[in-house]
Amino acid sequence: MSYDFHGSWDEVTGHNSPLYGRKNEPKKYKDWNVNSSIHIWIEKGCPPEKLNLGISAYGRSFSMYTEKQSHEMGVKASAAEAGQYTIEPGV
């Protein structure tokens, strides 16, 4: 699984399936990305040829607190309004 690293449960914006961590990301989130996940599996002894990488075919959305707020990753935000079909905030 290499998705749902960030979403409505976070207090800041973030990619759903980030390939690499952000430079300014808090330490506890440094390994929450595709690259780190694959390397952790290999370090723990999983043969690379047995790994399958799956990414999501959906997106996560956020609502900014103000219109003037930066639209970069890692800024304060909340889950966007629930989608018509998902009925889940931030999806």
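Predicted, not measured: the structure shown is a model, and the values here were computed from it.
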- Any side-chain heavy atom of His39 sitting closer than 4.5 Å to one from Asp31? no
- Message: Quick one, Asn16 and Asp4 - any side-chain contact, counting heavy atoms below 4.5 Å?
- Response: yes
- Item | Sidechain-backbone polar pair: Lys30 side chain, Arg22 backbone, donor-acceptor under 3.5 Å | yes
- Query: Do Tyr85 and Ile87 share a hydrophobic cluster, counting only Ile, Leu, Val, Met, Phe, Trp and Tyr and linking them when any side-chain heavy atoms are less than 4.5 Å apart?
  - Reply: no
- Message: Taking the side chain as everything from C-beta on, heavy atoms only, tell me whether Tyr65 gets closer than 4.5 Å to Ser78.
- Response: yes
- Side chain proximity check, Arg60 to His6, heavy atoms < 4.5 angstrom: no
- Item | CD1 (Ile55) with more than 12 external heavy atoms under 6.0 Å | no
- Common cluster, Leu19/Met73, ILVMFWY with side-chain heavy-atom separation under 4.5 Å: no
- Query: Which heavy atom of Gly21 sits nearest a heavy atom of Glu25, and at what distance?
  - Reply: CA-OE1, 3.4 Å
- Task: Please name the pair of heavy atoms, one in Ser17 and one in Ser2, separated by the smallest distance, quoted to 0.1 Å.
- Result: OG-O, 2.9 Å
- Query: So which heavy atom on Ser8 is nearest to which on Ala79, and how close?
  - Reply: CB-CB, 3.2 Å
- Pair Asn33-His15, side chain to side chain contact (heavy atoms under 4.5 Å, CB included): steps then yes or no: CA-CA 9 Å; Asn33 59 72; His15 285 294; over 6 Å; no
- Shortest non-hydrogen contact between Val91 and Ser61, atoms and distance: N-OG, 4.1 Å
- Query: If you look at every heavy atom in Tyr3 and Ser56, which pair is closest and at what distance?
  - Reply: CB-CB, 3.7 Å
- Spell out, yes or no, whether Phe5 and Leu53 are grouped together once hydrophobic residues are joined by side-chain heavy atoms under 4.5 Å, including indirect joins. yes
- Message: Are Tyr20 and Ile38 connected into the same hydrophobic cluster when the rule is that any two of I, L, V, M, F, W, Y join if their side-chain heavy atoms are below 4.5 Å apart?
- Response: yes
- Message: Hydrophobic clustering (ILVMFWY, side-chain heavy atoms < 4.5 Å, transitive) - are Tyr29 and Trp9 grouped together?
- Response: no
